[in-house]
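A short write-up of the structure that comes next.
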Amino acid sequence: MELIIAKVKQGDMVAFNALIDEYKAMAFTLALKLMKNREDAEEVAQDAFVKAYKNIGQFEGKSKFSTWLYTIVYNTALTRLRKKQLDMQDIDSHSVESSSALSESGMEWRNLQRDERSSYIKQALEQLVEEDQVVITLFYLNENSLAEICEITNWELSNVKVRLHRARKRLLIELEKLLETEVRSLL
């Protein structure tokens, strides 16, 4: 990774494209959790990569590159959200996911079960406040350490631990609500 970053610092676009390929999914996931909108999340992730390229000289290697990049994504998203709140009165968009047909094959059935679980988790996560979504996304989906989350969000370690603990509890409550509604609809 250090060699790739050194090449990027020298202006090597091929090396930078390798960094983009490595981190684009996680950058987009974090941006999407904050922006709640696919198009805005894509723009935030793209802007963050441009900022990362322009400021790669400031990356000193004291933390992991991913932590440095996620900090840029996080701050870019917050800036965009603040700007949108000033520019618009109503920010409300929902994405509709298409459903797939049920197949009799065992593998497809397992995939459907996994997708269904994932859908419930996503729905429950969307019910949480922004900070809860961010801390859960960074810790579980992006697999950042607590220290890295502190760096990315500029929160204190104790604050991250408390937020993560409370966010897990709230996520569990939201999942229980969703599943209870689902069970009642079946009866």
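By the 4.5 Å heavy-atom criterion applied to side chains, Phe139 and Ile149 are counted as neighbours. Leu175 has its side chain out of reach of Gln123: every pair of non-hydrogen atoms, C-beta onward, lies at least 4.5 Å apart.
Annotation for Phe28: hydrophobic cluster partners, listed by chain and number, are Leu32 (ILVMFWY side-chain heavy atoms under 4.5 Å, direct or chained).
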Next item on the list: Kindly indicate, with the supporting measurements, whether the criterion side chain to side chain contact (heavy atoms under 4.5 Å, CB included) is fulfilled by Leu164 and Leu146.
Entry: CA-CA 9 Å; Leu164 185 59; Leu146 294 175; 3.9 Å; yes
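Partner of Lys36 under the side-chain hydrogen bond (donor to acceptor under 3.5 Å, both in side chains) criterion, out of Gln133, Glu126, Glu130: Gln133 alone.
In this structure Arg163 satisfies the salt bridge (charged side-chain N to carboxylate O under 4.0 Å, His left out) test with no other residue, sequence neighbours excluded. Annotation: side-chain contact (heavy atoms from CB on, under 4.5 Å) contacts of Glu156 (sequence neighbours excluded): Ser158, Asn159. Every residue was checked against the salt bridge (charged side-chain N to carboxylate O under 4.0 Å, His left out) condition with Glu143, not counting sequence neighbours, and none meets it. In this structure Lys24 satisfies the salt bridge (charged side-chain N to carboxylate O under 4.0 Å, His left out) test together with Asp21, sequence neighbours excluded. Residues forming a side-chain contact (heavy atoms from CB on, under 4.5 Å) with Thr79 (at least two apart in sequence, or on another chain): Arg82. Ala15 meets the side-chain contact (heavy atoms from CB on, under 4.5 Å) test with Ile4, Lys7, Val8, Asp12; sequence neighbours excluded. In terms of the side chain to side chain donor-acceptor pair (under 3.5 Å) criterion, Gln127 has no residue partners (sequence neighbours excluded).
Between Tyr23 atom OH and Thr29 atom OG1 the span is 14.5 Å, to the nearest 0.5 Å. The line from NZ of Lys33 to CG of Leu128 is 9.5 Å long, rounded to the nearest 0.5 Å. We find the CD1-CD distance between Ile20 and Gln46 to be 9.0 Å, quoted to the nearest 0.5 Å. Note that CD1 of Ile72 and CG of Leu30 are 12.0 Å apart. Values are rounded to the nearest 0.5 Å. The structure places CD of Glu2 at 9.5 Å from NZ of Lys9, a figure rounded to the nearest 0.5 Å. Going from atom OG1 of Thr137 over to atom CG of Leu34 covers 8.0 Å, rounded to the nearest 0.5 Å.
Screening residues 157-178 for ring pair (Phe, Tyr, Trp, His ring centres under 6.0 Å), with sequence neighbours left out, gives no hits.
More than 12 heavy atoms of other residues, nucleotides or ligands lie within 6.0 Å of CD in Glu42, so this atom counts as buried by the packing criterion.
Minimum interatomic distance between Ala31 and Ala41 (heavy atoms only, all atoms of both residues): CB-O, 3.6 Å. Closest approach of Met26 and Asn142 over heavy atoms only: O-ND2, 3.6 Å.
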Contacts under 3.5 angstrom, residues 63-70 side chains, donor-acceptor by atom type, not counting sequence neighbours:
| unit_1 | atom_1 | unit_2 | atom_2 | d |
| --- | --- | --- | --- | --- |
| Ser63 | OG | Glu151 | OE1 | 3.1 |
| Lys64 | NZ | Glu148 | OE2 | 2.9 |
| Thr67 | OG1 | Glu148 | OE2 | 3.4 |

Below 3.5 Å, can you tabulate the donor-acceptor pairs from side chains in residues 166-173 to any protein atom, sequence neighbours excluded?
| unit_1 | atom_1 | unit_2 | atom_2 | d |
| --- | --- | --- | --- | --- |
| Arg168 | NE | Tyr140 | OH | 2.9 |
| Arg170 | NH1 | Asp132 | OD1 | 3.1 |
| Arg170 | NH1 | Asp132 | OD2 | 2.8 |

Show every donor-acceptor pair shorter than 3.5 Å between a side-chain atom in residues 47-61 and any protein atom, with sequence neighbours excluded, or say none if there are none.
| unit_1 | atom_1 | unit_2 | atom_2 | d |
| --- | --- | --- | --- | --- |
| Asp47 | OD2 | Arg80 | NH2 | 2.3 |
| Lys51 | NZ | Thr76 | OG1 | 3.2 |
| Asn55 | ND2 | Lys51 | O | 2.9 |
| Glu60 | OE1 | Lys62 | NZ | 3.0 |

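Both Leu157 and Leu138 belong to a common hydrophobic cluster when Ile, Leu, Val, Met, Phe, Trp and Tyr are linked at side-chain heavy-atom distances under 4.5 angstrom.
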